[in-house]
Amino acid sequence: MNKNKVKANAKRAAYAEKKEKEGRSIINWIFGVLVLLGVIYAVYTMLILG
């Protein structure tokens, strides 16, 4: 029974690590898009005011 428990814990840890990595990737994409939108807005504002 101990082997099954160890195996389950290893699977759970691997799954948690995978999900954490995916979550970080999504957060990086969100911040990248926000920065890009900020740059586009700054350029657009300069064109309107200039």
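Numbering starts at 1 and runs along the sequence shown. None of these values were measured; they are calculated from a predicted model.
The side-chain contact (heavy atoms from CB on, under 4.5 Å) test with Tyr15 is passed by exactly one of Lys19, Lys11, Arg12: Lys19.
At a threshold of 4.5 Å between side-chain heavy atoms, the hydrophobic network of Ile, Leu, Val, Met, Phe, Trp and Tyr places Phe31 and Ile40 in two separate groups.
Comment: Glu20 engages Arg24 in a salt bridge, judged by a side-chain N to carboxylate O separation of less than 4.0 angstrom.
Annotation for Glu17: atom CD does not count as buried by contact number, only 12 or fewer foreign heavy atoms lying within 6.0 Å.
Panel note: side chain Thr45, backbone Tyr41; a donor-acceptor pair is recorded below 3.5 Å.
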